[in-house]
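Report on one structure; see the data block that follows.
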Amino acid sequence: MSPLQPVRGARDILPENILTHRHVEETLCRVATCYGYSEIVTPVFEFTEVFARTLGDTSDVVTKEMYTFLDKGGDSLTLRPENTAGVARAFISGGMAQKLPLKLFYRGPMFRYERPQKGRQRQFHQVGVELLGVQGPAADVEVIALGAQYLEWLGVLDKATLELNTLGDAESRAAYRAKLVGYYQDHREKLSEDSLGRLERNPLRILDSKDEGDKAINAGAPLINESLNDASRRFFDQVQAGLDTVGVSYTLNSHMVRGLDYYCHTAFEFVTGALGAQGALLAGGRYDGLIKQLGGPSTPGTGWAAGVERLAMLDATAPAAPRPIAMVPAGNSSDVSRRVLTLTQALRGAGFRVDLGYSGNMGKRMKRANKINACAVVMIGEDELERRAATVRDMDSGEQTEVPLDSLQSHLARYR
RNA sequence: GUGGCUGUAGCUCAGUUGGUUAGAGCAUCGGCUUGUGGUGCCGAGGGUCGGGGGUUCAAAUCCCCUCAGCCACCCCA
């Protein structure tokens, strides 16, 4: 372990990459705002109990992926592996049950102790939305439409497909689970070792196994569709009808399930083939049981989370870095440098992006102006000072204009 | 957590069967150019060869351990 490298799976986001990262986050802010969602920020750590109770004792996240530690007061804390539990906790502690329906979005770092690979880090960033307090399928439709809109604004929607499934309500899910367990028990000698474990812990998970033998068995497995009660079936139909109405296309995938226990009804995932094995870009579903399970009032919820780094890897629309105006004093008269400094201060105060070098002759400063991709250079020497003017050079055309200092700001307005 | 592949300059990579002071391109910095950027020419700086140990007269090169990245599994954003 060298202290001179970041902790495994953690990364610096360097200045040349931050614009894309920020663009991915800010686009979510814009889209979510259009849908009437407000931002919420919860702590990056919670009492371990918050995650242990909501994620389920058998989930991988809880059993092996959490960053858990004792603080100096002896409390067990955990760096959040996802944000839904934290939002649910905030909902309860903040007494927000009076404000339903509640439409929230968030962004920030998450932590999972996993083996890193492409598109998977131990500290990574997610954006997400949560819609609390809406019973009906309109909520699921809105949230999925928001996700599709978001990917479209990022310019990555055409690289993703929306997969949709239902897990049914508690009754349907229990019935299905029983059927599945029966089926797999009959084939248990052919199941992979991993799937034998799943059979104990989370039999639904066998459905999306990548093992070839498992896949063959899954081909004959009972479908959730056959276990849905009327209410669950109607709910799923309405979600699909709603998506048709808003023009979001999807494919049904009866083998897509959820790793976290609190999901019910709708499960969905925008997946891409462009990121190797890490295909999930944006995924979520309905979690009606979560808040009650945490000790709050029974409150339905639906939402999703998306991986910022994964989206950034696909995003082609990130804006170019803004171009500054460079101030270039000529000669080394102290009158000139004082005047350039006050002008720089005034321009910056007026909202211009202005670069003022720290040293060097004119040639050096011009080179620097070029290197930082300045759109214009404001040159001032003793000559200009006498005439109370500045020479403005457009760095693309090379054209130079002498501008009276009084009208410098209005002349530079085109570069703002 | 399991399995496989890979680590040489800031970046992309050369480096012969182990053999002198480890090279190139790009980038950086300086000069040609002390009131004018990009192109050009000249020059310079920059390397614990991922780290540690071992074999050997001699290791970037062979062996072991370790760290990190990548790929797949597990799982997931």
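A, B, ... follow the sequence lines: proteins, then strands. Residue 1 opens every chain.
At a cut-off of 3.5 Å, with distance as the only test, a side-chain donor of Tyr37(A) or Glu142(A) sits close to an acceptor on the other residue. For Arg198(A) and Ser195(A), the side-chain atoms include at least one donor-acceptor pair closer than 3.5 Å. If you check the side chains of Thr68(A) and Thr78(A), you find a donor sitting under 3.5 Å from an acceptor. Donor-acceptor pairing under 3.5 Å is recorded for the side chains of Asp140(A) and Thr266(A).
Residue contacts shown for Gly398(A) include a base, since a base heavy atom lies under 4.0 Å away. Note on Met379(A): a base of the nucleic acid sits closer than 4.0 angstrom, heavy atoms only.
With a cut-off of 3.5 Å on both pairing distances, the Watson-Crick and G-U wobble pairs of RNA chain B assemble into stems of 3 or more at B:1-7 with B:67-73, B:10-13 with B:23-26, B:28-32 with B:40-44, B:50-54 with B:62-66.
Ranking C74(B), A77(B), U36(B) by closeness to the Gln400(A) side chain, first place goes to U36(B). Side-chain proximity of Lys371(A) to the nucleotides C75(B), A68(B), U28(B) is greatest for U28(B). Distances from the side chain of Arg205(A) to the nucleotides C75(B), U2(B), G35(B) place C75(B) closest. For Thr391(A), taking side-chain heavy atoms from C-beta onward, the closest of the listed nucleotides G35(B), G4(B), G37(B) is G35(B).
Considering only heavy atoms from C-beta on, Met327(A) comes within 4.5 Å of Leu343(A) through its side chain.
For C75(B), the base has a donor-acceptor partner in the side chain of Arg120(A) [N/O atoms by modelled type, under 3.5 angstrom]. Side-chain atoms of Arg393(A) and base atoms of G37(B) include a donor and an acceptor less than 3.5 Å apart. Between the side chain of Arg365(A) and the base of U36(B), no donor-acceptor pair under 3.5 Å is found. In the interface, the side chain of Arg310(A) is paired with the base of C76(B) through a donor and an acceptor atom under 3.5 Å apart.
Every residue meeting the side-chain hydrogen bond (donor to acceptor under 3.5 Å, both in side chains) condition with Glu46(A), not counting sequence neighbours, appears here in chain and number order: Arg89(A).
In this structure, CZ of Arg112(A) is placed 5 Å from P of A77(B), rounded to the nearest angstrom. If you take CZ of Arg368(A) and C1' of C29(B), they are 14 Å apart, rounded to a whole angstrom. Nucleotide C73(B) holds its C1' atom 13 Å from the CD atom of Glu65(A), rounded to whole Å.
Although no hydrogens or angles enter the test, the distance criterion places no donor-acceptor pair under 3.5 Å between the side chain of Asn218(A) and the main chain of Ala221(A).
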